[in-house]
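Inspection log for the structure reproduced underneath, given as structure tokens.
Just so you know, these numbers use all the heavy atoms, side chains as well, and skip hydrogens, waters and symmetry mates. First the proteins, then the strands, lettered A, B, ... as listed; each starts at 1. Treat the numbers as computed from the prediction; the structure is a model and nothing was measured.
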Number of protein chains: 2
Amino acid sequence: MGFTYDYEMPSVAVDCVIFGLDLDDNTLKVVLVERGLEPFAGKWAIPGGFVRKGESLDEAAMRELREETGIDEVFLEQLYTFGGPGRDPRGWVISVAYYALVSPDKHSIVAATDARRAQWFPANRLPRLAFDHTSILEVALERLRGKLTYAPIGFELLPEKFTIKQLQRLYEIVLGRTLDNRNFRKKIFSMNVLRELDEMQQGVPHRAARLYKFDVRKYKQLTSRGMSFEL
Amino acid sequence: MGFTYDYEMPSVAVDCVIFGLDLDDNTLKVVLVERGLEPFAGKWAIPGGFVRKGESLDEAAMRELREETGIDEVFLEQLYTFGGPGRDPRGWVISVAYYALVSPDKHSIVAATDARRAQWFPANRLPRLAFDHTSILEVALERLRGKLTYAPIGFELLPEKFTIKQLQRLYEIVLGRTLDNRNFRKKIFSMNVLRELDEMQQGVPHRAARLYKFDVRKYKQLTSRGMSFEL
DNA sequence: CCAAAAGTGTTGGGACTACACCCATGA
DNA sequence: TCATGGGTGTAGTCCCAACACTTTTGG
């Protein structure tokens, strides 16, 4: 311990809610890992682990994400810190929760890194979870829904190149209501944050849709002019 | 320590940004305390202290608030957790930051509880602060500004009974721009969350303004109908 | 040629902005 | 009576929601 301090000290963990979008069955998914050890052995939980001395909380979250799921270089943001007494039967554990958004390109990594049995679950049909992880997930979902409408984070859940319809579906899935496609297109085009590509969607049994990319540069110009991204 | 754990453990503190509104000089203020001990002895800092075993983070924040400023029963919300290595020269300290909103009725308490010299400072003209408290304050201000426009938290900064003009000034001060009084009134009345009182403002050298109260009941009806509070 | 999804405009209503004057009160 | 802030209405504009058909492509 680095200095004199009279009180007992807690362990500090990071836990990470990992969101992914399944474009095949149009659902929002979450990565859970099966616990090998007590307490809650055999139960599903959000991936996480203890913070190490010398690393920041963000670094700890990134490290856990990488170690437990193989995922790297994704959107990762601090969510909330859970510290109630009794949330961990082993003792006093404070957990800094994060949430990550993973594009479908990287979903396969999760399945492959099977050391501790990581799996995708539909976000609205989850098993009973270890610890207070159900509450953490609720908070994460609320945050995702809220932030989606005023920040351009939805793109993190899509492949780099996507169609407008995919973007629209993403909003519909997360917000839980249908959107009018004409109005949605008008809105998204009017804020001018997409770059139109010369490529078309491939391998669909009907008219192919145009592909777009999120244009970070345009977005930064937008925000620097004081404009904001709104649904 | 309650269970076997191989890594070194951090101390966990709560720090609390306390906002108050000064209706005399129309500024947003923040409570700072002067540090008595090293490190940063003599510097100003956000009130805070270590979390104790057996209490939740919210409880710890409330306790610190009460101990250091005498303030009790106010709006208090978790803000963000700061955990970078090197943020405290004494060693590894993770700090869960909170922010509180205090009505002018209670401002005097702060001055009275002078044990550790607590003082109000204008939020936009602060001294150099201890630790990383300047960044914590920036995050807190951003959050306050953001949340003010979509949640009815502004009332927490006003006395129980207030005039529409005071409410408007609050928004102008925090958001940093002037608002049209006619439009502001229309907007605030149209959402129907205020109860008009039979009382008038007292002791002003001009026409007295009507007093209003925030009506929690009406607000709950509003949100339960799916409507939301927007600026 | 058929099935399936892509892509495209217009209109009406509600909300926001901009703007200026009279009213009530205490000194 | 005057100085000071309280309180009020309207018109133009913009944004949003509602709504249905034609186009393109692969099978």
Side-chain angles (χ1 to χ4, degrees), chain A residues 23-26 148-150 158-159 161-173 175-213 222 225-231, chain B residues 21-26 148-150 158-159 161-173 175-213 222 225-231:
Chain A
L23 291 170
D24 298 324
D25 62 2
N26 288 338
L148 198 61
T149 65
Y150 69 87
L158 290 176
K161 302 171 180 181
F162 52 85
T163 69
I164 302 297
K165 197 51 171 286
Q166 287 172 331
L167 185 60
Q168 183 184 337
R169 271 203 219 103
L170 155 62
Y171 276 87
E172 291 179 333
I173 292 165
L175 301 180
R177 61 193 157 98
T178 61
L179 301 170
D180 180 89
N181 71 337
R182 280 174 288 194
N183 294 335
F184 183 81
R185 285 169 164 268
K186 261 180 290 183
K187 191 71 180 284
I188 202 80
F189 286 136
S190 77
M191 39 188 155
N192 192 35
V193 293
L194 298 185
R195 175 159 60 249
E196 183 177 326
L197 302 177
D198 287 332
E199 292 173 69
M200 295 292 174
Q201 195 180 29
Q202 299 292 328
V204 286
H206 53 76
R207 176 171 176 182
R210 181 165 297 276
L211 291 171
Y212 295 83
K213 269 179 148 171
L222 177 80
R225 281 192 226 103
M227 307 285 90
S228 75
F229 182 96
E230 288 280 334
L231 172 69
Chain B
L21 201 65
D22 190 325
L23 291 170
D24 299 323
D25 62 3
N26 287 339
L148 198 60
T149 64
Y150 69 87
L158 291 177
K161 302 171 181 182
F162 52 85
T163 69
I164 303 296
K165 197 52 170 286
Q166 288 172 331
L167 185 59
Q168 182 184 337
R169 273 204 218 102
L170 154 63
Y171 276 87
E172 291 178 331
I173 292 166
L175 301 180
R177 62 193 156 95
T178 61
L179 300 171
D180 181 90
N181 71 340
R182 281 174 288 194
N183 296 335
F184 183 81
R185 284 169 163 270
K186 260 180 291 183
K187 190 73 183 280
I188 203 80
F189 286 136
S190 77
M191 34 190 159
N192 193 36
V193 294
L194 298 185
R195 173 158 63 248
E196 183 177 323
L197 302 178
D198 286 332
E199 292 173 69
M200 295 291 171
Q201 196 180 29
Q202 299 292 330
V204 287
H206 53 76
R207 175 171 177 183
R210 181 166 295 276
L211 291 171
Y212 295 83
K213 268 178 149 174
L222 178 80
R225 280 191 226 104
M227 307 284 91
S228 74
F229 181 97
E230 289 278 334
L231 170 67

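If you measure from atom CG of A/Leu167 to atom P of C/dG7, you get 13 Å, rounded to the nearest angstrom. One interatomic measurement links the two molecules: CD of A/Gln202 to P of C/dA5, which rounds to 18 Å at whole-angstrom precision. Counting to the nearest Å, the P atom of D/dC15 and the CD atom of B/Glu230 are 17 Å from each other. Whole-Å rounding puts the B/Met227 CE to C/dA15 C1' distance at 14 Å. When rounded to the nearest whole Å, the span between CZ of A/Phe184 and P of D/dA18 equals 16 Å. Between B/His206 atom NE2 and D/dC2 atom C1' there is a gap of 14 Å when expressed in whole angstrom units. When rounded to the nearest whole Å, the span between CZ of A/Phe162 and P of C/dA5 equals 21 Å. Look at NZ on B/Lys187: it is 10 Å from P on C/dA15, rounded to the nearest Å.
Heavy atoms of A/Arg185 sit under 4.0 angstrom from at least one base atom.
Heavy atoms only, all atoms of each residue included: B/Leu179 and B/Glu172 are closest at N-OE2, 2.8 Å.
Of the two residues near DNA chain D, A/Val204 and A/Asn181, the one whose nearest nucleotide lies more 5' is A/Asn181. Across the interface with DNA chain C, nearest-nucleotide mapping of A/Pro205 and A/Met200 shows A/Pro205 to be the residue nearer the 5′ end. Along DNA chain C, the nucleotide nearest B/Asp180 and the nucleotide nearest B/Ser190 are compared for position; the residue whose nucleotide lies closer to the 5' end is B/Ser190.
Considering only side-chain N and O atoms, A/Lys186 lies nowhere under 4.0 angstrom from the phosphate OP1 or OP2 of D/dC16.
If you check distances only, the side chain of A/Arg207 does reach the base of D/dT23 with a donor-acceptor pair under 3.5 Å. In this model, a side-chain donor or acceptor of A/Asn183 finds a partner on the base of D/dA18 within 3.5 Å. A donor-acceptor contact under 3.5 Å links the side chain of A/Arg182 to the base of D/dA20.
Between the side chain of A/Lys187 and the backbone N or O of A/Leu231, at least one donor-acceptor pair lies under 3.5 Å.
Results of the side-chain hydrogen bond (donor to acceptor under 3.5 Å, both in side chains) test with A/Lys161 over A/Gln201, A/Glu199, A/Gln166 single out A/Glu199 as the only residue that passes.
In this structure, A/Asn26 CG and A/Leu170 CG are separated by 10.5 Å, a value rounded to the nearest 0.5 Å. For the atom pair CG of A/Asn181 and CZ of A/Arg169, the computed distance is 11.0 Å after rounding to the nearest 0.5 Å.
Picking from C/dG7, C/dA27, C/dA20 the nucleotide with the shortest atom distance to the side chain of A/Ala209 gives C/dG7.
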